[in-house]
Number of protein chains: 2
Amino acid sequence: MRQSRIGIRHLRCAIGVADAGGFRAAAEMLGIAQPAITKTIRDMEEDLGFEIFERGPKAVSLTAPGRRFIEDARQSLAQFERTIRAARRNETGSHGHVIIGYSALASSGHISDGLRGFEALCPGVQIEMHVLSTDTMMRQLAGGEIDAGFLLSHETVAHPAISQQPVWSSPIGLVLPRDAPDPDFETLSGAPFVMGLRENWRAYRLLLDRLCAEAGLVPQVTEEVWDVQVLFQRVAEGRGYTLYPMDAAPALPASLRMLALSRLRGSLTISMAWNHVADTALLRSFRAQFGREETAHMAR
Amino acid sequence: MRQSRIGIRHLRCAIGVADAGGFRAAAEMLGIAQPAITKTIRDMEEDLGFEIFERGPKAVSLTAPGRRFIEDARQSLAQFERTIRAARRNETGSHGHVIIGYSALASSGHISDGLRGFEALCPGVQIEMHVLSTDTMMRQLAGGEIDAGFLLSHETVAHPAISQQPVWSSPIGLVLPRDAPDPDFETLSGAPFVMGLRENWRAYRLLLDRLCAEAGLVPQVTEEVWDVQVLFQRVAEGRGYTLYPMDAAPALPASLRMLALSRLRGSLTISMAWNHVADTALLRSFRAQFGREETAHMAR
DNA sequence: TCGATTGATCGCAAATGGTTATCGCCCAAG
DNA sequence: CTTGGGCGATAACCATTTGCGATCAATCGA
């Protein structure tokens with residue numbers, strides 16, 4: 001069979017059109033002129049032998065085979081870019097580049113230990129860390145935007161393309177102002193609580209719901225905030241308590257303290273997650289730092 | 001960070017040099033002139049920021065980071081080509097292209113059933129089938145040369161990048177000329193046997209060794225042959241018996257017949273194997289035909 | 001020391017990827 | 001019903017990339 005003249009550029013272009021929803025929009029997004037898009041897409045369609053896009057008068061849409069192709073092309077492009085990124089050395093002397101996502105809840109010393117080990121093994125590798133919500137992290141892992149992530153283990157956090165492996169667990173404690181008195185567990189029900197917004201803290205809130213229900217605790221959520229910094233600030237201001245993994249105690253602002261709640265059973269587990277299609281030598285080394293990875297695995 | 005100007009062409013070139021062991025040899029293999037290789041490699045090295053190849057006076061060799069990079073690049077290139085191949089339609093009207101390897105031992109009706117199901121689901125997809133030894137198949141799966149394979153399950157057949165899933169099992173029977181009398185099991189020990197060459201039939205021969213030892217059968221291997229056709233031909237000529245999965249009975253030449261050996265316990269299991277990095281929508285459909293694939297899988 | 005063989009270099013031709021300007025089309029707002 | 005604005009397609013043109021043949025410099029074995 002005649003070998004294809006399609007290159008990475010073509011995939012970028014097609015994915016751009018699919019995401020932008022139009023040739024002109026894609027041209028702007030990719031920083032090139034619109035006719036170049038037209039030509040690239042046409043060349044690719046000719047090579048593949050089918051139309052990727054349906055040119056409607058109002059907007060373009062994917063044909064059925066086009067949708068399948070774009071889906072595969074995303075993986076292919078992500079893998080390609082990972083390969084380059086993992087090998088590339090920049091001007092500042094680092095060799096290789098790994099992009100990691102982590103949940104705000106995972107901000108304990110455990111990650112640092114693993115990272116230190118990785119750094120010793122592969123010195124000079126640049127590690128880029130992004131704080132992301134669990135759901136965003138899953139999406140970005142699936143799309144290949146990040147290489148690995150540390151997120152909350154929860155039965156609702158799953159994706160066919162993503163593998164997960166528990167890394168550590170921590171009990172949940174009560175966060176309160178340093179100078180506040182220890183409350184009785186019974187008085188907590190009905191007491192004001194500040195919590196992360198359900199939309200962004202979905203899995204953690206679900207976990208807390210279950211643990212609280214089991215312990216007979218009914219926190220009165222009087223305020224919901226977007227991120228951890230604000231959460232702690234509000235607690236420090238006396239707006240209410242909040243629940244947080246005990247592991248994070250050392251990272252707490254000086255104005256706050258943590259109280260173990262023996263009646264609150266169960267714990268929060270952080271897992272490392274990665275797209276099992278995402279595979280470079282560098283990422284294998286990285287994952288190896290966080291527990292043994294399965295080798296040949298016999299499915300089902 | 002400045003985006004890389006490396007494309008698929010560069011990867012092909014680097015892999016070519018690594019495989020051919022020299023710039024000139026790679027040029028010939030890739031069908032282009034040698035200066036183009038020099039320039040492409042130099043551009044790539046400049047972009048990546050390190051030397052991929054060590055230019056020795058006699059031959060080129062990979063540097064340490066170069067070796068890692070080439071390893072990743074192979075996966076990346078294989079995935080890219082799979083993506084194109086899976087989508088491409090050729091002049092004869094087929095859409096998509098899947099390359100499958102199968103062991104000669106797997107030549108039963110079970111594969112046909114799955115293939116028929118796949119064809120119904122994805123009509124017009126071109127399926128290219130290669131008969132390969134189990135070891136060759138593992139190597140080609142790892143290298144992305146084939147998309148999936150049906151091979152003999154055996155504890156010595158494993159590779160960290162390859163997933164396997166049992167598809168069916170078959171007892172082992174005795175193959176003998178149609179007009180030969182049924183031998184007593186006891187008389188088989190010491191009787192002449194024709195077998196596949198150990199080199200090419202490694203895993204199957206290991207399996208037979210174990211089963212025979214357990215049954216107290218000591219076949220006298222008087223001849224070793226390279227492939228099945230010759231194997232059957234030799235048996236038909238009366239050179240000896242052979243052992244073969246009972247499932248293959250319908251595929252046997254008319255001059256041969258099969259005899260169940262109740263004393264020979266255990267069976268041969270055929271597994272579907274695939275590189276878990278190899279992932280296109282088309283391949284997922286294919287694998288789905290041969291049993292449920294694991295979804296989100298929790299490592300360890 | 002002399003080929004033979006290796007990768008590097010040079011200059012030129014072709015292919016590729018991109019540009020601007022413009023077209024024809026369809027829909028929606030006037 | 002017209003018309004303006006937005007869409008992708010097309011045309012003509014330009015810069016860069018890619019590949020070529022010819023040639024060079026270095027090395028190694030005979």
Side-chain angles (χ1 to χ4, degrees), chain A residues 2-63 66-67 69-70 73 77 80-81 84, chain B residues 2-48 50-63 66-67 69-70 73 77 80 84:
Chain A
R2 175 183 90 270
Q3 109 143 3
S4 173
R5 278 175 306 289
I6 294 180
I8 282 296
R9 195 181 53 86
H10 296 256
L11 299 194
R12 282 209 181 89
C13 183
I15 291 170
V17 172
D19 287 345
F23 284 38
R24 267 187 140 86
E28 180 158 6
M29 177 183 303
L30 299 175
I32 56 179
Q34 169 260 317
I37 304 281
T38 295
K39 184 173 185 316
T40 303
I41 298 291
R42 279 189 91 254
D43 287 350
M44 187 164 21
E45 288 177 331
E46 185 158 342
D47 191 298
L48 291 176
F50 63 92
E51 303 236 302
I52 301 171
F53 297 100
E54 184 104 43
R55 276 77 158 178
K58 191 59 188 173
V60 297
S61 58
L62 283 162
T63 62
R67 176 167 293 105
F69 172 68
I70 290 293
L77 178 60
F80 176 86
E81 295 193 323
I84 304 299
Chain B
R2 172 182 95 270
Q3 109 143 5
S4 172
R5 277 176 307 289
I6 293 180
I8 282 296
R9 196 179 53 86
H10 297 255
L11 299 194
R12 281 210 182 89
C13 184
I15 291 169
V17 172
D19 287 344
F23 283 40
R24 262 184 143 90
E28 181 158 5
M29 177 183 303
L30 299 175
I32 57 178
Q34 169 259 317
I37 304 280
T38 295
K39 185 169 189 317
T40 303
I41 298 291
R42 279 189 90 255
D43 286 351
M44 186 165 22
E45 288 178 331
E46 185 157 344
D47 191 298
L48 291 177
F50 63 92
E51 302 236 306
I52 302 171
F53 296 101
E54 184 103 41
R55 274 80 156 177
K58 191 59 190 173
V60 296
S61 59
L62 283 162
T63 62
R67 176 167 293 106
F69 173 68
I70 290 292
L77 178 61
F80 177 85
I84 304 299

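Just so it is clear, the values below take in all heavy atoms, side chains as well, and ignore hydrogens, waters and symmetry mates. In what follows, chains carry the letters A, B, and so on, assigned in the order in which the sequence lines appear, proteins first and then strands, with residues in each chain numbered from 1.
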>> What I'd like to find out is whether the side chain of Leu48(A) reaches to under 4.5 Å of the side chain of Ile6(A), using heavy atoms alone.
In response: yes
> In whole Å, what is the span from the CD atom of Glu45(A) to the P atom of dA9(D)?
Replying inline: 8 Å
> Whole-Å distance between dG17(C) P and Ile8(B) CD1?
Replying inline: 13 Å
> Just how far, in rounded Å, is C1' of dT16(D) from CZ of Arg9(B)?
Replying inline: 12 Å
> Just how far is it from atom OG of Ser4(B) to atom CE of Met44(B), taken to the nearest 0.5 Å?
Replying inline: 9.5 Å
> In whole Å, what is the span from the CD1 atom of Ile41(B) to the P atom of dT9(C)?
Replying inline: 14 Å
>> Without decimals, in angstroms, what is the distance between Met44(B) CE and dT18(D) P?
In response: 11 Å
> Once you round it to whole Å, what is the distance between C1' of dC10(C) and NZ of Lys39(B)?
Replying inline: 13 Å
> What closest approach, in Å, do His10(B) and Asp43(B) show between heavy atoms, and which atom pair accounts for it?
Replying inline: CE1-CB, 4.2 Å
> Which residues in residues 15-37 of chain B have at least one heavy atom lying under 4.0 Å from any atom of DNA chain C?
Replying inline: Gly22(B), Phe23(B), Arg24(B), Gln34(B), Pro35(B)
>> For the CG atom of Leu77(A) and the CD1 atom of Ile15(A), what is their distance to the nearest 0.5 Å?
In response: 4.5 Å
>> What is the separation between atom NE2 on His10(A) and atom C1' on dG18(C), rounded to the nearest whole Å?
In response: 13 Å
> Any chance CZ of Arg55(A) has more than 12 other-residue heavy atoms, nucleotides or ligands included, within less than 6.0 Å?
Replying inline: yes
> What pair of heavy atoms forms the shortest contact from Leu30(A) to Cys13(A), and how long is it?
Replying inline: CD1-CA, 3.9 Å
> Is any side-chain nitrogen or oxygen of Arg42(A) closer than 4.0 Å to OP1 or OP2 of dA9(D)?
Replying inline: no
>> Without decimals, in angstroms, what is the distance between Asp43(A) CG and dA15(C) P?
In response: 14 Å
> Hey, does the side chain of Thr38(A) come within less than 4.0 Å of dA9(D)'s phosphate (OP1/OP2), counting only N and O?
Replying inline: yes
